[in-house]
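Worksheet: one structure, shown below.
All values below come from the heavy atoms of this structure, side chains included, with hydrogens, waters and symmetry mates left out.
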Amino acid sequence: MTSNTRVVVIGAGLAGVRLARRLGELGTPVTLIGEEEHRPYNRVLLAEVLAGRYTPDVIALPAPAALTRARVTGIDRGARTVEYADGSKIAYDTLVLATGSNPVLPPLRGLFTPDHVLPEGVHAFRTMDDCLGLSEAVRPGVKAVVIGGGLLGVSAARALAQRGAQVILAQQSERLMERQLDPSASKLVRRHLGDLGVEVHTDLRVRDVRCVGGAVRSVEMADGYALDAEIVVLACGVHPRVGLAQTAGLEVRKGIVVDDELRTSDPHIHAIGDCAQHDGNVYGLATPALEQADVLAELLAGRTNARYTGTRSLTRLTLAGQTAFDLAAFGETEALPGDDVVQLADATRGTYRKVVVRDDRLVGGVLVGELGTVGALARAWEGAEPLPDNGPLLHLLTNDGGS
């Protein structure tokens, strides 16, 4: 790729900023387009801003100089141009979609006003504006209902509780963070939230958001039970932001389909991060997004042997504060028949460690509390190598491996 090739990146989140910075380091000029008015920031740390531990500037990313703040409304693949909301256009030789994801807004009655906006007091929790709006609404004693018990919902509920809110977390499935954790670890998360004063309800389907005068007043369950609410936080997950790609006629399934060169169905357009689907996977996590950005930077800088072959990444949640709480989960945390399982639990200290081994290979694990062994376990899992036969499986959970 020549040095005057026009690379345009749409999206100034973790993936887009990482790509732009790496291209700059490799001598390839790039234009980065972000629609938020704020400096690019690490979205993973928004809950810490909500909790009051960090200010927005602390989680800001070191953005490249060539950052354009604008909303992109269309892509002309024939002319190889990107159109902004004001009608102006920018040409590209190579376009990268790093558009991220949007929050899932559940189909609840009363969720939107007649003008199709969220009522006063109802907040998504995805952007810095969401976070700042929620921060302004929180005060000691305010009644808050968090809908969703995944990673985002747990983080939001804890942050609100730290700010003094009376928090109820409503989860439709039977336990918290069920996608990442096994039942024992989920119980520890629930206990931790309970210690902070969060009231957790599982197996509970929300049906209705009740508003008076355009402001939320309660949340009604499917069984008719109502929860008083002055604040409602929607933490029901995210879905890839693929509207631009679909309108432009690119192949889209769960996300924007890319190959090992992170190339879409148009050879001049690539996609990385939350919006991309590689080998059937839409990761929605920071580590794969950063790895994709690094690989694509190498490719666009002319190092043609670079390839992205997927990421085996762990989920990690670190909740700091007076009552710190750490957890990490990777791979398959539920055993299949014939698997070997080792578990260590200390109810007094609130720690829990578990690994699942199949055919002498570590296929998954979950740790809550002390995470000294997580580095060694993650390396064993990522390498997918046979485990050494000169020590018991218990060694995996009790040796920190130098991590």
Side-chain angles (χ1 to χ4, degrees), residues 1-43 59-102 127-129 240-250 252 255-256 258 261-276 286 289-304 306 308:
M1 179 171 289
T2 60
S3 60
N4 61 355
T5 296
R6 295 165 296 183
V7 178
V8 174
V9 180
I10 303 175
L14 276 174
V17 168
R18 176 70 158 250
L19 175 62
R21 287 185 61 210
R22 292 288 294 124
L23 285 174
E25 293 167 359
L26 295 169
T28 300
V30 59
T31 297
L32 178 65
I33 305 170
E35 68 179 21
E36 293 190 53
E37 291 301 315
H38 306 280
R39 288 173 59 191
Y41 55 91
N42 185 347
R43 201 178 306 277
I59 71 168
L61 298 172
L67 173 62
T68 299
R69 286 186 169 85
R71 185 168 66 88
V72 174
T73 55
I75 300 166
D76 187 328
R77 290 167 52 194
R80 290 193 209 165
T81 59
V82 167
E83 183 170 345
Y84 297 134
D86 64 4
S88 61
K89 298 181 179 181
I90 181 174
Y92 67 85
D93 293 309
T94 296
L95 180 64
V96 181
L97 300 177
T99 48
S101 53
N102 286 324
T127 67
M128 180 64 77
D129 281 339
R241 194 175 181 186
V242 297
L244 281 174
Q246 285 178 319
T247 302
L250 300 177
V252 174
I256 305 168
V258 297
E261 295 184 26
L262 298 161
R263 184 174 47 201
T264 70
S265 53
D266 182 325
H268 300 286
I269 303 177
H270 300 257
I272 57 175
D274 287 7
C275 67
L290 297 174
E291 290 185 2
Q292 290 169 7
D294 288 345
V295 169
L296 185 56
E298 297 279 319
L299 283 165
L300 298 184
R303 302 178 186 182
T304 55
Y308 178 72

Minimum heavy-atom separation for Leu14 to Ala286, with atom names? CD1-CB, 3.8 Å

Restricting to side-chain contact (heavy atoms from CB on, under 4.5 Å), what partner residues turn up for Ala20, sequence neighbours left out? Val30, Leu32, Pro64

Between Gln292 (side chain only) and Gly273 (backbone N and O only), is there a donor and an acceptor less than 3.5 Å apart? yes

Would you indicate whether the side-chain heavy atoms of Tyr84 and Thr73 approach each other to under 4.5 Å? no

For the atom pair CG (Leu290) and CG (Leu19), what is the distance rounded to the nearest 0.5 Å? 11.0 Å

Testing the basics here: between Pro62 and Val17, what is the closest heavy-atom pair and its distance to 0.1 Å? O-CG1, 4.0 Å

Contacts of Ser101 that satisfy side chain to side chain donor-acceptor pair (under 3.5 Å) - sequence neighbours left out: Arg126, Asp274

Arg263 side chain near Leu299 side chain, heavy-atom distance below 4.5 Å: no

Any residue meeting ring pair (Phe, Tyr, Trp, His ring centres under 6.0 Å) with Tyr41, in chain and number order, not counting sequence neighbours: none

Rounded distance [0.5 Å steps], CG in Leu95 versus CD1 in Ile90: 9.5 Å

Between Pro240 and Cys275, the two heavy atoms sitting closest are CB-CA, 3.9 Å

Starting at OG1 of Thr28, measure out to CG of Leu300 and round the result to the nearest 0.5 Å. 7.5 Å

Partner residues of Arg77 under the salt bridge (charged side-chain N to carboxylate O under 4.0 Å, His left out) criterion, sequence neighbours left out: Asp266

So if I apply the side-chain hydrogen bond (donor to acceptor under 3.5 Å, both in side chains) rule between Arg6 and each of Asp93, Thr31, Thr94, which one comes out positive? Asp93

Residues that Thr247 engages under side-chain contact (heavy atoms from CB on, under 4.5 Å), provided they are two or more places apart: none

Side-chain contact test, heavy atoms from C-beta onward, threshold under 4.5 Å: evaluate it for Asn42 versus Leu61 and give yes or no. yes

Ile256: which of Ile269, Ile272, Leu97, Leu244 passes side chain to side chain contact (heavy atoms under 4.5 Å, CB included): Leu97

With salt bridge (charged side-chain N to carboxylate O under 4.0 Å, His left out) as the rule and sequence neighbours excluded, what pairs involving residues 18-39 come up? Arg18-Asp294, Arg22-Glu25, Arg22-Asp294, Arg22-Glu298, Glu35-Arg241, Glu36-Arg43

Is the shortest heavy-atom distance from the side chain of Ile75 to the side chain of Tyr92 under 4.5 Å? yes

Over all heavy atoms of both residues, which pair between Ala293 and Ala15 is shortest? Give the atoms and the distance, please. CB-O, 3.6 Å

Residues two or more places apart in sequence or in another chain: which of them pass side-chain contact (heavy atoms from CB on, under 4.5 Å) with Thr304? none

Chi angles and distances behind the side-chain contact (heavy atoms from CB on, under 4.5 Å) call for Asp76, Glu83: CA-CA 8 Å; Asp76 187 328; Glu83 183 170 345; over 6 Å; no

What pair of heavy atoms forms the shortest contact from Val9 to Gly16, and how long is it? CG1-CA, 4.0 Å

Listed once per pair and sorted, the side chain to side chain donor-acceptor pair (under 3.5 Å) pairs that draw on residues 62-71, sequence neighbours left out: none

Using every non-hydrogen atom in the two residues, find where Val8 and Ala91 come nearest and quote the distance to one decimal. CG2-O, 3.7 Å

